[in-house]
Structure formats: C-alpha cells, structure tokens
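Report on one structure; see the data block that follows.
Residue numbers begin at 1 in each chain, while the letters A, B, ... track the order of the sequences.
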Number of protein chains: 2
Amino acid sequence: MKQERLLIVDDDAELRDLLREYLGQAGFQVAAVADGREMQHALAASPFDLVILDIMLPGEDGLALCRRLRAASRIPILMLTARGDEIDRIVGLEMGADDYLAKPFNPRELLARVRSILRRANSLPENLAGEDVHRFRFAGWGLDTRTRQLLSPTGVVVDLSGAEYKILHVLAEHPNRVLSRDQLLEFTQGREATAYDRSIDVQIGRLRRKLDDDPREPRLIKTVRNEGYVLAAVVDKE
Amino acid sequence: MKQERLLIVDDDAELRDLLREYLGQAGFQVAAVADGREMQHALAASPFDLVILDIMLPGEDGLALCRRLRAASRIPILMLTARGDEIDRIVGLEMGADDYLAKPFNPRELLARVRSILRRANSLPENLAGEDVHRFRFAGWGLDTRTRQLLSPTGVVVDLSGAEYKILHVLAEHPNRVLSRDQLLEFTQGREATAYDRSIDVQIGRLRRKLDDDPREPRLIKTVRNEGYVLAAVVDKE
DNA sequence: CGCCGTTTGTAAATCCATGTAACAGGCGCG
DNA sequence: CGCGCCTGTTACATGGATTTACAAACGGCG
C-alpha cells in the first residue's frame, strides 16, 4: 500500500512539528506549512491525500481556504478549531469539510479521524467519488435530493414540504451529530431564532409524523434536551 | 517472552528507588530518571515499552512532556499525579496518556495498571487503533453510538433518555475508572454541580434499573463512596 | 457491637424544555 | 378575490430532568 500524503496548515510552528512527527510515526508522509499561500504552493507542487487545516490563520482564514479548496478539488479536509463553539460556525456554514476537531485535541484522536476520513475516501467506489450525492439511505428510508422526495421502506413516495426537506437533508448530511435549533434554522431558513422560537420543533414534529417516528420513543430523529436534534441512524450516501 | 522495559520519570528519589525495586521484582527491566531532560536522553539511548510520568516535575512539567512524547511516538504513558483532582485536568484535557494514577498509590495498583496497559498495547491490532468506535460491548450489553440505543444481552432494544445515554456513554469510554459526580455532570451537561446536587445519583439509579442492575449489589455500575461511579466491566469497542 | 454523622438510593414534587393542536398570516394560482 | 398549501406563532399538555425529602446503608469510633 502506498504511503499517504498529508498536508498540515497551521501557523503554530510547535504544533506543526508535533503533528509532523506524530503522523509521520503513524506511517504517513507529512508536509506542514504556515498559511494559505504556502498551502497553495505545496498543493501545486505535488499531490496530497488530505489537508489538515487550522481555522485561525494569518492572512486568509481557514474557512475561506476550505471553501476555495473545496471549489477547486475534492481533496478531503479536516478542520481544526480553537474552541468548541466554533464548530457550530463550521457546521453552520456548511463549509464542506469532511470532519472537525476542537483544540486542544489528543493526537490519537486526530490520527483516528485522519484514518477514518481516508478510509471513507478510498472506499468510495471510484465512479461515485466524483459524483454528487443524490440519495441518502437510512433505516430503510431514502431521501432523493434531486426529486426532493422521501421514499418509505415500503417504497411509497412521501411528499415533503420545502422546510421539511431541508431539515431532513441537513440531518442526513450530519448523521449522529446533534444539531442545535439555531443551526437548523440557519441552514434551512438562513435566519436567527426569535425569542421563544418554536418553528424547528414544529417542523421536527411534522417530519416525525411522516417518518412514522413516535416522539415518545423516536428511533430516527432523537431529541437531545437543551441541545437539539440528531438523526440516529446509519446513513448511506449514493 | 522478552523482558519489558519501563522508564520512570519522577523527581522523588525515594519513590524512584521503591518503584525500581518493586517493578523489577515483578519481572520488568526498570530505569528511573528525575526530569524531562534525562527522560529524553534515556529514550534516545535505548527503547522502552512504557513511560511512567509524574506530573509535578522540576523544569518542564509532566503534562507538557506527555504531549511531546505523544507527538513523537506512540509509546504508552502512565501519568502519576499528586492529588486526585488533577486527574480531572488530565481526563478533561484528554492528553493522550494511557492511564492515570493518583498519589499516594498502592504499588500493586500501579503494577496492575502497567500490566494492563502493556497487554492492551501488545494485543491491539494496529489497524483497530484508528477505527471509529461506534459500539461499546460490556457484559452482553451493547451501546450503539450511532443509534443511541442500548441492546440488552437478549437482543431487546432498551430506550435511553438523552441524559441516560450520555452518562452511560462516558462510563463506557472510561471503564473501570471512577468518575466523580462533577466529572459526569461536566461531561454530560457541561455544568457545575449546584449545592446538594443529586441529579447524577438519580440518573444512575434509572440507568441501573434499565441495565437490570441491583443497586444493593451492582454488577455493572458500582458506587464508590465519596468518589463517584465506575462501570465495572470489560468493555470492547467496535 | 451499637451509636451517630455522613453518604447514597429513590419516590415524589417541581420545574421547564419539548410536543403539538389550533390558529393566523403569507403566497401562489386561477 | 377565494382557495389551498405551507410556515410560523401561540397556548396548553406532556413528560424528562432536577430538586427535595426522607429512608437506608455505610463507616468511624468508643
């Protein structure tokens, strides 16, 4: 198996060295640079399998770089953030990163995620790797992003309203991740919550009814008190 | 079987001698040094199988050393701390140590942990180390982190409330480690305990009922008086 | 061994986030 | 304009989580 190549982009020289060392030990070929410009040069000079990108960077910031990278190629991206709550922003902005990790992190955790991302990237059938995801499958249900339709396990088409579709889409894109009401609002309506905003709750309720999910014992969309909702299912992307 | 090599890093000469003696008796080849610099030299000079690292050290402190070690290699690390509450910091910061032990400790306890770490390190197939954990198995029970479900040994799905799930998840991530009520609150609710806070006790009670665990004679979640709760079981991560 | 202060277990009361029915716009469409 | 559909708002019901209160268990001590 060929040695996989990682590119680290972080302005903290010490962290760069640590990660280079650690990930190198783990069998990767690692390069590290300090900012966006150097990243561009490195990528232009030789191919990489994954980019580890800090959010806080001098010059152009990590989010912008991520967006640009994503626009230019499909290279997997792992974002590093200084504080946990910035993760909200990333998820909220739907940057297209493959994973996120809050600093300070355990290098092992990073290694685990790097491996996981690469495994996913490699296991994607070649022909699909370049395709857009057009269908999510979970627990027998199917969500088609082209027709915006929901298919029941029995094959019946269930119509979704626009808002319902958006919420389910976001949940399916981030399975097993708790999304706050704010994030869901941001995604689906692009607006802030007003005081005592219950619209997400209502939409979730409507979705559950269509998904046949008993709110007392939800199997699919679970409530996490004080936090939000999760799609608790294994989701396949086709 | 080859003799395994341990490196002790502690500034207390008496303790060093004690441990060298005791662990030597137990069949290990033991070296002991007093600070970080000497540790580097020792590691550079010859390979070790495990480092026992005190937190309080002259010069660079144990936490920093741990981070650096971890970045440079995958050598197993056992941290020693002067006071119990420092363990909170370590666990909280997820420094990447393999285990922790509060001073003063029973040498037998230390020996047991050293053996346990080495057993794990040797038996862990490298490829599994980086896998995503999505299910914990203990005593026939299964906790699926994707569906947030608990599976009984007989295969029945037991529904957990949000708080119950979080507590069991944390316990399963740190099996055989006593977690204080404060830690459990911090992990699961991200909040401090109020005076006379009993919420963890109540939740543990509910969990025990669902796990079929008699509080008088708990087999799974044991109470440690004045300290907290432990998941007393062998936990497999899948 | 029994006494007593402390800690834990837990039923019950309470609090408050969530579920949801019903209503009120809003918008597209004929 | 009226109609149908979608979405958000309101108001109330529900139930999960916490707090309270007390019983039981524990541990130290004479």
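- For A:Gln189 and D:dT7, the shortest distance from a side-chain N or O to OP1 or OP2 is not below 4.0 Å.
- Residues that satisfy the side chain to side chain contact (heavy atoms under 4.5 Å, CB included) test with A:Arg225, not counting sequence neighbours, are absent from this structure.
- To the nearest angstrom, P of D:dC6 lies 8 Å from CG of A:Asp159.
- Summarising the geometry, the separation between CG on A:Asp197 and C1' on D:dT9 is reported as 9 Å, rounded to the nearest angstrom.
- Side chain of A:Ser116 to backbone of A:Ala112: no donor-acceptor contact under 3.5 angstrom is found.
- Looking at A:Asp201 and A:Arg181, a side-chain N of the basic residue comes within less than 4.0 Å of a carboxylate O on the acidic one, giving a salt bridge.
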For nucleotides 25-30 of chain C, give me one character per nucleotide, 5' to 3': B if any protein heavy atom sits under 4.0 Å from the base, S if the only such contacts are to the sugar-phosphate, - if neither.
------
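- Taking a cutoff of 4.0 Å between a charged side-chain nitrogen and a carboxylate oxygen, A:Arg206 and A:Glu164 do not qualify as a salt bridge.
- Residue contacts shown for B:Ser199 include a base, since a base heavy atom lies under 4.0 Å away.
- Here C:dT10 presents its P atom at 15 Å from CD1 of B:Ile200, a figure rounded to the nearest Å.
- When atom types are taken as modelled, the side chain of A:Asp213 and the backbone of A:Leu220 share a donor-acceptor pair closer than 3.5 angstrom.
- Residues B:Asp159 and A:Arg219 are paired through a salt bridge, judged by an N-O separation under 4.0 Å between the basic side chain and the carboxylate.
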Trace of the side chain to side chain contact (heavy atoms under 4.5 Å, CB included) decision for A:Glu60 with A:Arg68:
CA-CA 11 Å; A:Glu60 197 173 13; A:Arg68 213 131 60 69; 2.5 Å; yes
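- With values rounded to the nearest 0.5 angstrom, A:Leu15 atom CG is found 5.0 Å from A:Asp10 atom CG.
- Rounded to whole Å, atom C1' of D:dC26 lies 14 Å from atom CD of B:Glu217.
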Could you run through nucleotides 14-20 of chain C and give me one letter per nucleotide, 5' to 3': B if any protein heavy atom sits under 4.0 Å from the base, S if only the sugar-phosphate is that close, - if neither?
--BSBBB
